[in-house]
Trainee: 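The structure that follows is given in the form of structure tokens.
Letters A, B, ... mirror the listed sequences (proteins, then strands); counts begin at 1.
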Amino acid sequence: MQNQKVASILNRVADYLEMDGPDFRTKAYRRAAHTIETLSVDIADIKKQGKLEELPGIGKHIHAKIEEILDTGSLEYLENLKKEFPLDLDALMSVEGLGPKKIKLLYQELGIKNLDDLEKEAKRHHIRRLKGMGAKTEAKILQNLEFARKSTGRQLLGEVLPLSSLIKQRISALDLVEQVEIAGSIRRRKETVGDIDVLTVTQHPDEVMDFFNRMDLVEEVIVKGHSKSTVRLFNGMDADIRVFKEDDFGSAMVYFTGSRELNISLRKIAISQGMKLNEYGVFHDEKRLAGKTEVDVFQALGMDYIPPELRENTGEIEAAQEGKLPLLVDYGDIKGDLHIHTNWSDGKSSIMEMALEASQRDYEYLAITDHTCIPVARGMDENRLIKQMGEIDRVNHELEDITLLKGAEVNLDSYGNLDMPRDLLEELDIVIAAVHSDLRQDPEKMNERILRALENDYVDILAHPTGRKLKERKPYQLNIENLFSKARETETILEINSQPKRLDLKDMHVKMAVEYGCQLSVSTDSHHTHDLSFMELGVATARRGWAEKKDIVNTFSLKKLLKLIS
DNA sequence: GCCGTTTTCGGCCCGACTGTTTTCAGTCG
């Protein structure tokens, strides 16, 4: 799967072209990159089928460039641009306030190639001499440079959500504020988040922005205007607050929930129908047609309401226009968790504690699936597993509202065999198979290993199928198409693991799996009672993958579920 | 460089804010 690589090369070309802008070639490259980035199939397969030019935004020229990248692994056009401008573009672009134009000027006039050069020239006060720059720009560069060096980039949704909720809570406690919502990629529930967008309705913009800027979470105020303010928070993340009138709030929510590509498409649709769309409403000439609610805005544009998790411009607009959006699985549809650990292996809470917490969440069932054998996770041997089954029976007897299922997360050896004997597996209600060792195996062997696990009759669920960990570890090099067709053929359930770092399967893979007709589960892989709340992240991922209730097996009643996995 | 339910040529999303200007360019989202 080279989609990511092709997209990043095209994006890099766009970065260089932007130095000479305004140039619509830039937009063309970015659009093509976005198309490829959000493709759920392998771009190499599309090339093989000769269908590259059927993709939106890909014409004759970019088609040829994609072929070159796939054939040779690089793009001569980009290599020449790099020679012409031998810059550390990523680093320079990460300095707030520096864009392609200024970077080009800095290189041509002062020979600045990287952050060290930039710092040197700023300290010598050479930058303020350049056209369009001044003392303030120079000082800002120096200030932002330090931050660019430290910055870790996007943060995990699971880590940012609690912070954004706290901010929302604080703002909504103000009497002056009529409405507050978090928008942006947090509202879309994207797996990583770049900043926090807060939208408010108030008659007192200055007071509200002052309150926001003075929160103890704020390290520094970056921008302050009449309708928006940007601050840098203690954790290095930026947060924006924007103030609207009540009648504008729906269109503001649409616009600031994004994505960027979705906004561009929506505005084009407005134009094609003789209207104009911005964050203040949908307009025909001067007359406002909609703006108060999101539903009104989508309706004025001639389409159904699009749930935030789908707003990535990957086909949802067309579906909304045709009334064919999926009826997404809902956060309240989940009837149980099928992958949790207790203190019988590497979990921190007891079986009873986990059961009570699940019961609090109104679950109908909970599968106890501790590790087997692997030493690192205090995995259970056969005797302990038998003992644990007895304990589960005992707790089940004690609790009325919830049913505990006997399960195990069984380790797959390097060849895809389970590390538990058949007679024991037979006793379990549910068997999860997972890779926990020999992760750097040769890709071909890893593929065989996992396919072999799917063929095992005892395996009900494959846990965290691709093994990725966000910001930590790449996925195994799986042939994902083979995985999905084998899962469907063997009726093995694929897990959407809800751990903030995993979210595995990821959104795009969920979408693909749904198209393949695979069965999915959303589970938390909890190691503590607190972790059960990760379910929200997993369901969000399922929704981002267009999954419906029928695709997710733990929305089923206990009876229906047991029939499926028996 | 791409694209077409007014177009095969002439468009290409839109607004806020800042710093440098003195009417605007660059950046950001």
Trainee: Would you say Tyr29(A) reaches dC12(B)'s phosphate, i.e. side-chain N/O to OP1/OP2 under 4.0 Å?
Mentor: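 No, no such contact exists.
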Trainee: In whole angstroms, how far is the C1' atom of dC28(B) from the NZ atom of Lys140(A)?
Mentor: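 Spelled out: NZ on Lys140(A) to C1' on dC28(B) is 12 Å.
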Trainee: Rounded to whole Å, please give me the gap between CD1 in Ile241(A) and C1' in dC17(B).
Mentor: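 Taking atom C1' of dC17(B) as the reference, CD1 of Ile241(A) is at 16 Å.
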Trainee: Once you measure the plane-to-plane angle for Tyr280(A) and Phe244(A), does it fall in the parallel (<30°), tilted (30-60°) or perpendicular (>60°) bin?
Mentor: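 Tilted, since the angle between the ring planes falls between 30° and 60°.
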Trainee: Kindly point out which of dT27(B), dG1(B), dA16(B) is positioned nearest to the side chain of Tyr280(A)?
Mentor: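 Given the options dT27(B), dG1(B), dA16(B), the side chain of Tyr280(A) is closest to dA16(B).
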Trainee: Which of these nucleotides, dG29(B), dC17(B), dC2(B), is closest to any side-chain atom of Ile62(A)?
Mentor: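 The listed nucleotide nearest to Ile62(A)'s side chain is dC2(B).
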Trainee: Indicate, with a heavy-atom threshold strictly under 4.0 Å, whether Lys102(A) touches base, sugar-phosphate, or nothing.
Mentor: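 Result for Lys102(A) = sugar-phosphate.
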Trainee: Taking atom P of dC2(B) as reference, at what distance in whole Å does atom NE2 of His63(A) sit?
Mentor: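 My rounded result for the distance is 11 Å.
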Trainee: Does OP1 or OP2 of dA16(B) have a side-chain N or O of Lys228(A) closer than 4.0 Å?
Mentor: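 Checking Lys228(A) against dA16(B): no side-chain N or O falls below 4.0 Å of OP1 or OP2.
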Trainee: Just to verify, what does Glu159(A) make a side chain to side chain donor-acceptor pair (under 3.5 Å) with, not counting sequence neighbours?
Mentor: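 So Glu159(A) forms no side chain to side chain donor-acceptor pair (under 3.5 Å) with any residue.
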Trainee: Side-chain N or O of Thr137(A) less than 4.0 angstrom from OP1 or OP2 on dT20(B)?
Mentor: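 Answer yes for this pair, as a side-chain N or O of Thr137(A) is under 4.0 Å from OP1 or OP2.
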Trainee: Suppose you measure atom C1' in dG1(B) against the same atom in dT8(B); what distance do you get, rounded to whole Å?
Mentor: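 Per the computed distance, 15 Å lies between those C1' atoms.
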Trainee: Can you tell which of dG1(B), dC28(B), dC13(B) lies closest to the side chain of Glu96(A)?
Mentor: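 Closest of the options to the side chain of Glu96(A): dC28(B).
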Trainee: Mind telling me if dT7(B) is syn or anti? Syn here is a glycosidic angle within 90° of 0.
Mentor: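 Syn, which is what one calls it when the glycosidic angle falls within 90° of 0.
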Trainee: Mind calculating the distance between CZ (Arg30(A)) and C1' (dG1(B)) to the nearest angstrom?
Mentor: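 About 14 Å, once rounded to whole Å.
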Trainee: Give the rounded distance in Å between these two atoms: CG of Leu98(A) and C1' of dG26(B).
Mentor: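 The distance from CG of Leu98(A) to C1' of dG26(B) comes to 11 Å, rounded to the nearest Å.
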Trainee: Using the P atom as the reference point in each nucleotide, state the distance between dC17(B) and dT22(B) in Å, no decimals.
Mentor: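 It works out to 23 Å between them.
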Trainee: Whole angstrom is fine here: how far is it from CD1 in Ile141(A) over to C1' in dT27(B)?
Mentor: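 Those two atoms, CD1 and C1', are 12 Å apart.
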Trainee: In this structure, how many angstroms lie between the C1' atom of dT27(B) and the CG atom of Asp240(A), rounded?
Mentor: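 Taking CG of Asp240(A) and C1' of dT27(B), I get 13 Å after rounding.
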Trainee: Less than 4.0 angstrom between a side-chain N/O of Thr26(A) and OP1 or OP2 of dG1(B), yes or no?
Mentor: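 No, outside the criterion.
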Trainee: I want to check one thing: is the phosphate of dG15(B), taken as OP1 and OP2, less than 4.0 Å away from some side-chain N or O of Lys276(A)?
Mentor: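 Yes, Lys276(A) has a side-chain N/O under 4.0 Å of OP1/OP2 on dG15(B).
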Trainee: Check every strand shown and say whether Ala139(A) touches a base, only sugar-phosphate, or nothing at a heavy-atom separation below 4.0 Å.
Mentor: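 Counting heavy atoms under 4.0 Å across all strands, no contact is made by Ala139(A).
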Trainee: Does dA16(B) have OP1 or OP2 under 4.0 Å away from a side-chain N or O of His226(A)?
Mentor: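 No, His226(A) has no side-chain N/O under 4.0 Å of OP1/OP2 on dA16(B).
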Trainee: May I ask you to say whether Lys48(A) pairs ionically with Asp42(A), meaning some side-chain N is under 4.0 Å from a carboxylate O?
Mentor: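 The answer is no: the pair does not qualify as a salt bridge.
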Trainee: How would you label the contact of Asn263(A) with the nucleic acid (heavy atoms, under 4.0 Å): base, sugar-phosphate, or nothing?
Mentor: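 It contacts nothing in the nucleic acid.
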Trainee: Quick one: NZ on Lys511(A) to CG on Asp551(A), what's the gap to the nearest 0.5 Å?
Mentor: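 If I round to the nearest 0.5 Å, the distance is 13.0 Å.
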Trainee: Report yes or no: is the cationic atom of Arg188(A) (NZ for Lys, CZ for Arg) closer than 6.0 Å to the six-membered ring centre of Phe256(A), at no more than 45° off its axis?
Mentor: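 Pair Arg188(A)/Phe256(A) does not count as cation-pi.
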Trainee: Using the C1' atom as the point on both nucleotides, what is the distance between dT18(B) and dC12(B), in whole Å?
Mentor: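 Here dC12(B) and dT18(B) have their C1' atoms 26 Å from each other.
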Trainee: Thinking salt bridges, do Glu53(A) and Lys60(A) make one under a 4.0 Å N-O criterion?
Mentor: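 Looking at Glu53(A) and Lys60(A), the cut-off is not met.
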Trainee: When the C1' atoms of dT7(B) and dC2(B) are compared, how many Å lie between them, rounded to an integer?
Mentor: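 Result for the C1' pair: 14 Å, nearest Å.
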Trainee: Looking at Glu294(A) and Arg187(A), is any side-chain nitrogen of the basic one under 4.0 Å from a carboxylate oxygen of the acidic one?
Mentor: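 Salt bridge flag = yes for Glu294(A) with Arg187(A).
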Trainee: For the C1' atoms, the ones on dC13(B) and on dT20(B), what distance do you get once it is rounded to whole angstrom?
Mentor: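 Their C1' atoms lie roughly 26 Å apart.
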Trainee: Nearest to the side chain of Lys136(A), heavy atoms from C-beta on, is which of dT20(B), dG1(B), dC13(B)?
Mentor: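 That would be dT20(B).
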Trainee: Using whole Å, report how far CG of Leu199(A) lies from C1' of dA16(B).
Mentor: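 Roughly 14 Å, once rounded to whole Å.
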Trainee: At under 4.0 Å, does any side-chain N or O of Lys27(A) touch on OP1 or OP2 of dC13(B)?
Mentor: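 So the side-chain polar atoms of Lys27(A) do come within 4.0 Å of the phosphate oxygens OP1 or OP2 of dC13(B), strictly under.
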Trainee: With a 3.5 Å limit on both atom pairs, tell me what dC12(B) is paired to, counting Watson-Crick and G-U wobble, or say none.
Mentor: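 dG1(B) - that is the nucleotide pairing with dC12(B), both distances being under 3.5 Å.
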Trainee: Looking only at side-chain atoms of Arg267(A), point me to the closest of dC17(B), dC13(B), dG1(B).
Mentor: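 That would be dC13(B).
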Trainee: With a 3.5 Å cut-off and heavy atoms only, can you find an N or O donor on one side and an acceptor on the other between the side chain of Tyr255(A) and the base of dG29(B)?
Mentor: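 Side chain to base: pair found, below 3.5 Å.
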Trainee: What's the closest nucleotide to the Val223(A) side chain, out of dG29(B), dC17(B), dG1(B)?
Mentor: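 It is dC17(B).
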Trainee: Categorize Ile58(A) for me: base, sugar-phosphate, or nothing, with a 4.0 angstrom heavy-atom threshold over every strand shown.
Mentor: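 Sugar-phosphate only.
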